[in-house]
Structures are given as structure tokens and as C-alpha cells.
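Have a look at the structure below, then the notes.
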Amino acid sequence: MKYSRLFGRTTRETPADAESVSHQLLVRAGMICQGAAGVYSYLPLGWRVLRNVEQIIREEMDRAGGQELLMPALQPFELWEASGRYVSFGQSLFTVMDRKEHRLALGPTHEEVITDLARRYIQSYRDMPLMPYQIQTKFRDEPRPRGGLLRVREFIMKDMYSFDVDEEALDKTYKTMATAYAAVYRRLGLPAVMVEADSGAIGGKASHEFMVLTATGEDVVIHCDACGYAANAEKARSRKDVRDAAVATEPELESLVEVATPECRTIEEVAGFLKVPAYKTLKAVFYVADREFVLAVIRGDLDVNEVKLQRVLKCTDLRLAEADETSQAGVVAGFASPVGLRDVRVIADDSLLDARNLVAGANREGYHLMNVNLGRDFTVDLVADIALAREGDACPVCGAVLKADRGIEVGHIFKLGTFLSEKLNAVFLDDSGASKPCVMGCYGIGVGRLLAAVVEHCHDEKGIVWPMSVAPYQVHICTLNPDKGNVESVAERLYEDLRRLGIEVLLDDRQMSPGVKFNDADLLGVPFRVTVSPRALASSSVEVKRRDVTQSQLIAVEEAAGRLSQMVRQALAA
RNA sequence: CGGGGCGUAGCGCAGUCUGGUAGCGCGCAGCGUUCGGGACGCUGAGGCCGGAGGUUCGAGUCCUCUCGCCCCGACCA
């Protein structure tokens with residue numbers, strides 16, 4: 001490609017509305033251009049990178065046993081009603097009306113469609129395992145797009161689905177996919193970690209996310225460097241035993257006492273006033289779950305994890321109760337507790353099972369109760385782990401200290417099980433002739449987000465530093481003083497020779513000053529830069545520089561094409 | 001949806017408080033001089049000041065409504 005003909009223009013100034021590094025650099029390099037909130041065009045350079053990323057994913061999916069196909073983006077709304085997932089997707093589901101007033105969904109994902117498709121072809125256990133996938137544009141009306149390509153409303157996703165005969169076979173497929181995902185990230189030069197995750201609106205039993213740890217990430221990953229335990233903060237567990245064992249395991253239940261605690265509304269205030277540690281208190285938090293008023297209780301030193309709570313409650317909408325809602329329910333904010341509370345569902349964190357003689361609200365303005373005990377003084381409807389794991393907590397596996405880091409979710413795999421195949425009647429006959437639902441899994445990678453993650457991870461103050469595996473071009477030739485001597489003809493010949501050798505080349509043939517060309521080359525991030533200039537040609541050489549190192553080397557003109565193609569191939573193999 | 005911010009030339013911004021001929025830088029076009037890290041001179045093109053309504057002799061500026069975009073929170077590849 002001749003730069004003078006390239007559609008796209010670099011800019012010196014960073015776009016005003018770009019916050020994340022990848023957003024800034026991709027726009028400045030002329031690789032993407034925003035159309036609407038969370039909607040982007042890929043210009044030729046960006047599109048070349050995207051296709052390269054796609055190709056890597058495609059190769060790894062094929063290697064893992066996948067078969068590429070293409071499903072429609074327009075989906076009958078009835079499928080979403082049949083699966084029931086139009087509820088969990090809610091407002092995020094884009095829908096359109098056709099001319100006959102028939103409602104269609106713009107596919108945010110394709111479990112319904114693939115299950116509908118698979119059930120027509122899968123009849124026997126001999127037809128499985130089956131792993132169809134596609135790379136296709138998805139639509140999700142996100143509440144808040146952000147960070148350039150990091151979170152958008154229209155995006156290209158690789159989505160694979162697996163159909164197996166039983167849980168054991170699914171486990172095997174799931175492992176195969178995890179390995180394939182790891183291979184994709186490795187080829188992109190991304191250090192991605194696999195973490196336990198919540199399956200959210202997709203549904204299903206178990207799921208894992210692949211995270212690239214960077215400060216710009218939207219998610220928080222809780223991880224243990226000692227044993228390798230890692231989980232999304234939404235899902236992460238931690239040990240809840242109290243360090244001070246003597247206090248923690250008081251065997252005797254003391255008798256209930258009401259004490260005045262004027263103006264003590266928070267755990268800190270109450271604990272400070274009564275001179276007890278926070279873990280000797282009980283925290284009561286009121287929520288509205290799908291319009292039902294519920295109470296979550298947890299040991300005072302812990303916080304409620306709303307994702308876990310939502311999962312336990314099996315509700316689609318969960319939010320903190322507003323002040324007027326709590327007072328309407330007869331709750332005294334700051335002095336509330338489950339003791340004596342009626343007609344409200346109470347969910348307790350399992351940290352309360354071992355806790356004795358806690359301080360809790362007296363449900364009376366200005367008073368708390370001491371020596372409150374679960375079972376004796378109040379009962380709960382449900383006990384579960386609903387606590388937020390935090391940095392500094394003890395690892396649930398090995399007990400070492402947990403750390404927290406931000407991460408970009410670049411992949412998510414799910415064990416769906418049979419809930420969809422049962423709803424949509426995707427069944428097969430096993431070897432004994434019995435009819436069984438297919439055991440499903442699904443596996444997603446956002447291609448554009450992955451591209452953005454590469455930029456977030458691979459850049460310097462000058463611009464992008466593409467790994468060879470996805471670079472828009474492999475070699476970027478800059479001519480300096482193209483109208484002097486034989487600069488132009490040498491550059492042209494090198495360009496043609498490299499192309500003949502199968503190398504992807506960008507030739508900057510513009511009439512621009514050296515500074516402009518070098519800065520653009522750094523911004524675009526092509527792995528090898530070749531400078532053809534009168535100075536280097538004086539020694540019959542061209543200058544070759546790798547984007548990721550500072551020094552350059554001179555290579556004789558006649559050897560340049562051969563040496564470069566060798567270097568490119570080495571970088572590709574690495 | 002809650003909170004905050006911003007819409008003026010392709011991009012980055014000033015002008016809005018205090019109403020009176022729409023500006024600057026980059027980029028773009030032409031000519032010339034330059035040429036190893038975003039060169040310089042001269043000339044020039046480019047604006048429904050997001051939209052609608054109102055106040056006024058007069059609105060980029062004041063008022064009302066509306067649309068869009070960004071950031072922080074509740075959602076996800």
C-alpha cells in the first residue's frame with residue numbers, strides 16, 4: 001500500500017472524548033472512527049488488524065475442532081420468548097419491527113438460534129461432540145458504551161457453541177476450549193489469566209473469564225499469587241474466619257441487652273462507640289429484588305456482593321432500597337436488624353453461622369442490641385455466600401493474602417448445561433435409546449475488544465507497538481527526500497521485492513518532512529520500519545529499525561528484501 | 001436510570017458571565033524555500049455557533065424545550 005493513497009489520516013491531537021489509551025491511539029492513527037455512541041467504523045488500517053485477529057481466532061477454533069458457519073443477525077423474537085432470556089437481557093436486546101409488524105431481535109448472542117438449528121440435525125449421540133462457531137456482528141443496547149472499542153453496542157464477536165452427550169463430555173470440551181483461548185491470547189502477545197466468573201444474563205452453571213490485567217480494565221480480578229486462585233470480584237470467595245480466634249469462637253450465648261447508641265448509624269460508629277471490633281457486629285442492608293423488599297445480613301466487617309446476592313435471589317433486577325422505601329417498610333435506617341422483623345425475606349451470609357453475640361440494630365431509633373445470635377434471636381430464609389472478597393482477605397484455597405487488579409474481559413466461556421436444550425427441545429437418543437437433552441457450552445470472544453486490549457497492553461508514549469501476528473503491515477518504508485538521488489526508485493524496488501516475497505508493506509511515499517513520517521510510523525506501530533534516505537544510500541544501505549527497540553541497523557540495499565522477509569518470518573514464528 | 005461535563009470549520013479550542021461584523025492553532029489547497037524526529041514564508045478555501053421555540057431593533061451569547069456525545073455509578077465479549 002502506498003501511504004499517499006491510504007484512506008485515513010493521523011492526527012497530532014488526541015480526540016477530546018477519548019479517555020482510554022487504546023481509544024486515543026486507534027483514533028489518532030486513523031484506524032477507527034466513531035459513528036454514534038458505541039458504534040465505530042474500521043478504516044482500512046484498523047480493519048486489517050481486526051481481520052488478522054479474527055484469523056488467529058479462526059485458526060485456533062478450527063484446531064480445537066470447531067466448524068465455522070454463519071447465522072442470521074435477525075432473530076425471531078419468539079425464540080427469545082421460548083428461552084425466557086428476553087427477560088434477563090432486558091433493555092440490552094435491540095428489537096426491530098418488520099413491515100408486517102412482526103418483532104425481530106438483533107442478535108446479541110446466538111444460543112437460541114444455534115440450539116434451534118442444532119436440534120434439527122442432532123439426533124443421535126453419534127452426532128456429538130459438535131462445536132459450531134461464527135464470527136459475526138452482535139448488537140447490544142448497552143446502558144453505557146465506553147472506552148472506544150472496549151465497550152460498544154455493535155461489535156464483532158466470535159461465538160462458539162458446544163453440544164455434548166453428558167456433563168463429563170462437556171467438561172472435556174470446556175477444557176479444550178480453555179486451551180484454545182489461551183493459545184489465541186498467547187499468539188497476540190497478551191498475558192491473559194483465566195478467572196472464575198459469574199455467568200450473568202447468559203445463564204448456566206460454571207463460567208470462566210479471560211482477563212488482561214491493565215489499569216484501564218472495567219473489571220476487578222481477585223487473585224492469589226501463592227496458589228493461582230483467580231476470580232472476578234463479582235464471583236470471588238475469601239476466607240471469613242476471624243484472625244482473633246479466641247474472640248471468634250465464644251461458645252456461650254450471652255443474653256440479649258438493649259443499649260443506647262445515640263447517632264451511631266454506621267458499623268464504624270457503633271463498633272467505636274461500644275468498643276467492639278467490626279466483626280462482632282451484624283450489618284443489615286435492604287434491597288429491592290424485582291419489586292420485593294428483602295434484607296441481606298452479613299457480619300459487620302464484610303460487605304454484600306450484589307452479584308452473588310442477585311444470583312441467590314434468582315432475580316433479574318436488584319438495587320439498594322431507597323430511603324422512602326425502607327421507612328415505608330417500618331425500618332429505622334441505621335438501627336435496623338432482622339431481630340423482630342416480620343414479613344421481609346432475610347438472606348444471611350454464611351459468615352453469620354459461626355458468629356456469636358453480635359451487636360445489631362434494635363429497630364428503634366438510637367438503640368442497638370448486644371449479644372444477638374442467629375437462630376435464637378432471629379431466623380433467616382436463606383444462608384449463602386453473599387460476601388464481597390477484598391484485597392487483603394485470605395485466599396479461599398490456600399489462605400495466602402489475596403490481591404486485586406483491574407482487568408479487561410477478553411473472553412468468556414460458559415458451561416450452560418441443559419436449561420436451553422430442555423426449553424428448546426434439543427434432544428438426542430443415547431446408546432440405550434433413551435431421549436436426553438444435549439449438554440451445552442458457549443464460548444465468546446469480542447474481536448474488537450481484543451484488538452483494543454492488544455493496544456492497551458502494547459504501546460509506548462509514541463504510539464502503538466503491534467505484535468507481528470496482527471500488525472496491519474509487516475514493514476513500513478519511509479522515504480526521506482524522495483526527490484533526491486535514487487531514494488524513490490530504491491524504495492519502490494524494495495517495496496515490490498518485499499511484496500513478491502509475500503511481505504505486507506506500507507510505503508510512505510508522501511512529500512513530508514522526516515519528523516512527520518517517523519512520528520506517523522511510530523503511531524501506526526508497524527513492527528519493522530525501513531528508512532530509505534540519501535544518507536543511508538551513500539553507503540548503499542537502508543536503515544532497518546524494529547518498532548519495539550531503539551537502535552537501528554544498516555542493511556545493504558541488495559540484501560534488504562531478503563533479510564527483511566527473513567526477519568518478518570522469524571517474528572511471526574516467535 | 002441517577003450524578004457530572006461538553007456540543008462553535010475536518011480535528012483541538014477561544015468567544016457565552018456583560019447581546020452589536022464569528023476567531024485562533026493544527027489540518028486542507030496553490031506558489032516558493034526547506035528536508036534524519038510533527039520546517040518556514042506568502043496566498044486561499046472552508047461555519048444552519050447541535051435542533052426547535054421564545055425575549056430583543058439585534059442572539060453563538062439571555063430564557064424554555066429537545067437531541068447528541070463524553071466521564072463516574074447499576075450491566076457485559
Side-chain angles (χ1 to χ4, degrees), chain A residues 9-20 23 27-28 30 33-39 57 88-93 108-110 135-160 181 197-202 207 209-212 217-219 232 234 287-288 306-307 310 316-320 322 408-414 442-453 462-463 478-484 487 511-523 529 531-536 543 545 550 552:
Chain A
R9 169 171 283 119
T10 60
T11 64
R12 192 185 309 217
E13 313 206 57
T14 63
D17 55 6
E19 199 75 11
S20 69
H23 189 192
V27 172
R28 282 226 295 136
C33 183
Q34 183 173 28
V39 177
I57 296 171
S88 49
F89 266 86
Q91 297 272 92
S92 295
L93 193 65
T109 177
H110 279 66
I135 298 175
Q136 183 218 35
T137 301
K138 300 287 190 272
F139 301 88
R140 293 185 190 179
D141 198 355
E142 292 288 340
R144 187 156 94 79
R146 81 185 105 185
L149 295 182
L150 287 174
R151 182 174 204 74
V152 291
R153 298 193 295 167
E154 174 180 329
F155 60 102
I156 295 174
M157 179 163 97
K158 184 287 300 178
D159 45 324
M160 179 185 265
Y181 270 45
D198 182 80
S199 55
I202 300 287
S207 82
E209 290 166 333
F210 290 83
M211 295 282 194
V212 174
E218 290 186 89
D219 292 273
N232 191 310
E234 296 174 348
Y287 287 94
V288 176
E306 295 181 4
V307 175
Q310 180 169 5
T316 55
D317 183 57
L318 180 75
R319 58 176 176 81
L320 279 170
E322 308 277 345
I408 301 171
E409 181 191 348
V410 291
H412 200 159
I413 61 179
F414 304 77
C442 69
Y443 316 85
I445 295 181
V447 185
R449 181 185 284 180
L450 188 52
L451 185 159
K462 290 269 180 184
C478 289
T479 60
L480 305 190
N481 293 300
D483 48 354
K484 282 215 179 120
V487 167
Q511 293 286 340
M512 293 284 187
S513 70
V516 172
K517 291 192 173 190
F518 287 149
N519 279 305
D520 278 344
D522 287 341
L523 179 58
R529 187 186 78 191
T531 306
V532 181
S533 66
R535 187 199 282 182
E543 183 182 322
K545 180 186 168 300
T550 44
S552 59

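Keep in mind that what you see is a predicted model, and the values were worked out from it rather than measured. Just the heavy atoms: all of them, side chains too, but no hydrogens, waters or symmetry mates, feed the values below. Below, chain A is the first sequence line, B the second, and so on; all start at residue 1.
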Hey, does [X] reach any base, or is it just sugar-phosphate, or nothing, if we go heavy atoms under 4.0 Å?
| X | answer |
| --- | --- |
| A/Gly446 | base |
| A/Asp520 | base |
| A/Asp483 | base |
| A/Val447 | nothing |
| A/Glu543 | base |
| A/Gly147 | sugar-phosphate |

Subject >> Polar side-chain atom of A/Arg140 near backbone of A/Pro108 as donor-acceptor pair, under 3.5 Å >> reply: yes
Assess whether one donor atom and one acceptor atom, taken from the side chain of [X] and the base of [N], lie less than 3.5 Å apart.
| X | N | result |
| --- | --- | --- |
| A/Arg449 | B/C76 | yes |
| A/Arg151 | B/C75 | yes |
| A/Asp17 | B/C6 | no |
| A/Arg9 | B/G38 | no |

Pairwise [atom1] distance, [M] and [N] [rounded to whole Å]:
| N | M | atom1 | value |
| --- | --- | --- | --- |
| B/C17 | B/G7 | P | 14 Å |
| B/C13 | B/U8 | P | 10 Å |
| B/G25 | B/U21 | C1' | 23 Å |
| B/U16 | B/G3 | P | 28 Å |
| B/G60 | B/U18 | C1' | 15 Å |
| B/G19 | B/C24 | P | 24 Å |

Please confirm whether the shortest side-chain N or O distance from [X] to OP1 or OP2 of [N] is below 4.0 Å.
| X | N | result |
| --- | --- | --- |
| A/Gln511 | B/C35 | no |
| A/Arg146 | B/G73 | yes |
| A/Arg144 | B/C72 | yes |
| A/Ser513 | B/C35 | no |
| A/Gln310 | B/C75 | yes |

Subject >> Candidate nucleotides B/G37, B/C70, B/C75, ranked by approach to the side chain of A/Asp522 - the nearest >> reply: B/G37
Original post:
Considering only side-chain heavy atoms of A/Ala536, which listed nucleotide, B/C70, B/A74, B/G36, is closest?
Top reply: B/G36
**OP:** Using only heavy-atom distances, determine whether the side chains of A/Ser533 and A/Lys484 contain a donor-acceptor pair under 3.5 Å.
**Re:** no
Original post:
Have A/Gln310 and A/Tyr287 got a donor and an acceptor in their side chains that come within less than 3.5 Å?
Top reply: no
**OP:** Could you please name the partner base of B/C65, counting Watson-Crick and G-U wobble pairs only when both distances are under 3.5 Å?
**Re:** B/G51
Subject >> Counter-base of B/A29, judged by Watson-Crick or G-U geometry with both distances under 3.5 Å >> reply: B/U43
Subject >> Whether A/Phe155 stacks on the six-membered ring of B/A77 base, 5.5 Å and 30° limits >> reply: yes
Original post:
Quick one: does A/Val307's side chain get under 4.5 Å of A/Asn232's, heavy atoms only?
Top reply: no
Subject >> Validation row: A/Asp141, A/Arg153 side chains within 4.5 angstrom (heavy atoms) >> reply: yes
Original post:
Roughly how many Å is it from CG in A/Leu450 to P in B/C76, rounded to a whole number?
Top reply: 20 Å
